[in-house]
K.L.:
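Sharing a structure below in structure tokens format, with a few things to ask.
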Amino acid sequence: KGSNVGLFTQLKDSAVIRNLVLDAKITGGYSKVGGLAGEATGNVTLKGIEIKGLIEASNDYVGGLIGYMKTGELKVEDCVLDMSVSAGVRFAGGVAGGADDTVLNIQNLKTKNVDNPSNPTAFSVFAESYAGGLVGTMGNTSFHVEDIDLKHTVDGETSEVKVVTSGGAGVGGLFGQSVKQGADCS
């Protein structure tokens, strides 16, 4: 059991990750878990990332890319998600489990194989509370979201599977919870 689990435990100010394909499998009793990093602070840029696999933790702040983003700006551009993200307690999101005091700039994000019926995507997000297709929870966080294409395809036998689900409060296609007024979605 621990926290800050991912390819990197933490990404700090001025971190840039580009053109990376990652097949992640993270399971266990962790908090702040992400395919790329458990936690990020400062100005972080993720561009051209393709991530697939399973990210499943029994605690909170679980994200496809970043578990928890605090303070700074997170830029996510031209990324592809093809994974299942699950938080046993709360705060799960396709991009980040949670973000506080952050500016989120997410552009051209999609799920893989959305138009190929012979190889469907299995993108999904679950948390007991606060699950979002992009971010599980945001506190004092502003955002700009543009060109987002999150799809989940299933065959007839698994048609009851949902894309974003929560066992309790706070579920949304983009955000599970936002504690700030004012945003820019285009």
K.L.:
Using distance alone, with no hydrogens and no angle criterion, decide if Ser31 and Asp60 have a side-chain donor and acceptor under 3.5 Å apart.
P.N.:
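The answer is yes; a qualifying pair exists.
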K.L.:
I want to check something: taking the side chain as every heavy atom from C-beta on, are Leu65 and Leu74 in contact at a cut-off of under 4.5 Å?
P.N.:
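Answer no - side chains too far apart.
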K.L.:
Show your working on side-chain contact (heavy atoms from CB on, under 4.5 Å) between Thr102 and Met69 and close with a plain yes or no.
P.N.:
CA-CA 7 Å; Thr102 301; Met69 177 71 193; 3.5 Å; yes
K.L.:
What's the separation between atom CZ in Phe143 and atom CG in Leu104, rounded to the nearest 0.5 Å?
P.N.:
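Answer rounded to 0.5 Å: 8.5 Å.
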K.L.:
Could you tell me if the side chain of Leu109 sits less than 4.5 Å from the side chain of Asp147, heavy atoms only?
P.N.:
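A side-chain contact is absent here, since even the closest heavy-atom pair is not under 4.5 Å.
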K.L.:
If I take atom CG from residue Asn19 and atom NZ from residue Lys47, how far apart are they, to the nearest 0.5 angstrom?
P.N.:
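Reported value, rounded in 0.5 Å steps: 8.5 Å.
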K.L.:
Quick one: are Val85 and Val62 in side-chain contact, heavy atoms under 4.5 Å?
P.N.:
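Counting from C-beta outward, Val85 and Val62 do come under 4.5 Å.
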K.L.:
Answer yes or no: is there a side-chain heavy-atom contact under 4.5 Å between Ile51 and Met83?
P.N.:
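Sidechains of Met83 and Ile51: in contact.
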K.L.:
Would you check if there is a donor-acceptor pair between the side chains of Ser84 and Ser124 at a distance under 3.5 Å?
P.N.:
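Checked: Ser124/Ser84 side chains pair up, N/O donor to acceptor below 3.5 Å.
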K.L.:
What heavy-atom pair brings Leu11 and Ala37 nearest, and what distance separates the two atoms?
P.N.:
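For Leu11 versus Ala37, the nearest heavy atoms are CG-CB, 3.7 Å.
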K.L.:
With distance as the sole test, does Asp100 use its side chain to make a donor-acceptor pair with the main-chain N or O of Gly139 at under 3.5 Å?
P.N.:
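The answer is yes, because a donor-acceptor pair under 3.5 Å joins these two groups.
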K.L.:
Taking atom types as modelled and ignoring hydrogens, do the side chains of Ser86 and Glu56 form a donor-acceptor contact shorter than 3.5 angstrom?
P.N.:
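Side-chain D/A pair, Ser86 to Glu56: absent.
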K.L.:
In Å and rounded to the nearest 0.5 Å, what is the CG to CG distance from Asn108 to Asp78?
P.N.:
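Taking CG in Asn108 and CG in Asp78, the distance rounds to 4.5 Å.
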K.L.:
With no hydrogens and no angle check, is any side-chain donor or acceptor of Thr141 less than 3.5 Å from a backbone partner on Ala99?
P.N.:
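A pair under 3.5 Å: yes.
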K.L.:
Can you give me the closest heavy-atom contact between Cys79 and Gly48, atom names plus distance?
P.N.:
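The answer is SG-N, 4.0 Å.
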K.L.:
Can you confirm whether Leu7 sits close enough to Leu20 that some side-chain heavy atom of one is under 4.5 Å from a side-chain heavy atom of the other?
P.N.:
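Touching, per the 4.5 Å side-chain cut-off.
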K.L.:
CZ/Phe91 to OG1/Thr137 distance, rounded to the nearest 0.5 angstrom?
P.N.:
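If I round to the nearest 0.5 Å, the distance is 4.5 Å.
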K.L.:
Identify whether Val33 and Tyr130 are in the same connected component of the hydrophobic contact network (ILVMFWY, side-chain heavy atoms under 4.5 Å).
P.N.:
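Not linked; separate clusters.
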K.L.:
Testing the 3.5 Å rule here: is there a donor-acceptor pair between the side chains of Asp101 and Asn140?
P.N.:
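There is such a pair (donor and acceptor under 3.5 Å, judged by atom type) between the side chains of Asp101 and Asn140.
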K.L.:
Apply side-chain contact (heavy atoms from CB on, under 4.5 Å) to Leu46 and Ile17, showing your working.
P.N.:
CA-CA 5 Å; Leu46 308 175; Ile17 299 177; 4.0 Å; yes
K.L.:
I want to check something: taking the side chain as every heavy atom from C-beta on, are Leu54 and Ile26 in contact at a cut-off of under 4.5 Å?
P.N.:
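In short, these two side chains do not touch, never coming nearer than 4.5 Å.
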K.L.:
Consider only side-chain heavy atoms of I, L, V, M, F, W and Y, link residues closer than 4.5 Å, and tell whether Leu150 and Phe175 are in one cluster.
P.N.:
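In one cluster with Leu150: Phe175, yes.
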K.L.:
Pick from Val80, Leu22, Asp23: which one makes a side chain to side chain contact (heavy atoms under 4.5 Å, CB included) with Glu50?
P.N.:
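Among Val80, Leu22, Asp23, the one that satisfies the side chain to side chain contact (heavy atoms under 4.5 Å, CB included) with Glu50 is Val80.
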K.L.:
Shortest non-hydrogen contact from Phe123 to Gly133?
P.N.:
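Smallest heavy-atom distance, with atoms named: CZ-O, 3.7 Å.
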K.L.:
Verify the distance criterion only: is there a donor paired with an acceptor across the side chains of Tyr68 and Asn4 at less than 3.5 Å?
P.N.:
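Not at all, the side chains of Tyr68 and Asn4 share no donor-acceptor pair under 3.5 Å.
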K.L.:
Just how far is it from atom NZ of Lys32 to atom OH of Tyr61, taken to the nearest 0.5 Å?
P.N.:
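Answer for the NZ-OH pair, Lys32 versus Tyr61, is 7.5 Å.
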K.L.:
Please check: side-chain N/O of Asn43 versus main-chain N/O of Glu73, any donor-acceptor pairing under 3.5 Å?
P.N.:
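Yes, the answer is positive, given that a donor and an acceptor are paired below the 3.5 Å cut-off.
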K.L.:
Between Gln10 and Glu39, does any side-chain donor sit less than 3.5 Å from a side-chain acceptor?
P.N.:
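Yes - a donor-acceptor pair under 3.5 Å links their side chains.
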K.L.:
State which residue, out of Leu134, Val145, Val95, fulfils the side chain to side chain contact (heavy atoms under 4.5 Å, CB included) condition with Val76.
P.N.:
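Result: among Leu134, Val145, Val95, Val95 is the only option passing the side chain to side chain contact (heavy atoms under 4.5 Å, CB included) with Val76.
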K.L.:
Calculate, to the nearest 0.5 Å, the distance between atoms CG and CD belonging to Asn105 and Glu146 respectively.
P.N.:
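Answer for the CG-CD pair, Asn105 versus Glu146, is 8.0 Å.
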K.L.:
Any chain of hydrophobic side-chain contacts (each under 4.5 Å) joining Val125 to Val89?
P.N.:
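No: no chain of side-chain contacts under 4.5 Å links Val125 to Val89.
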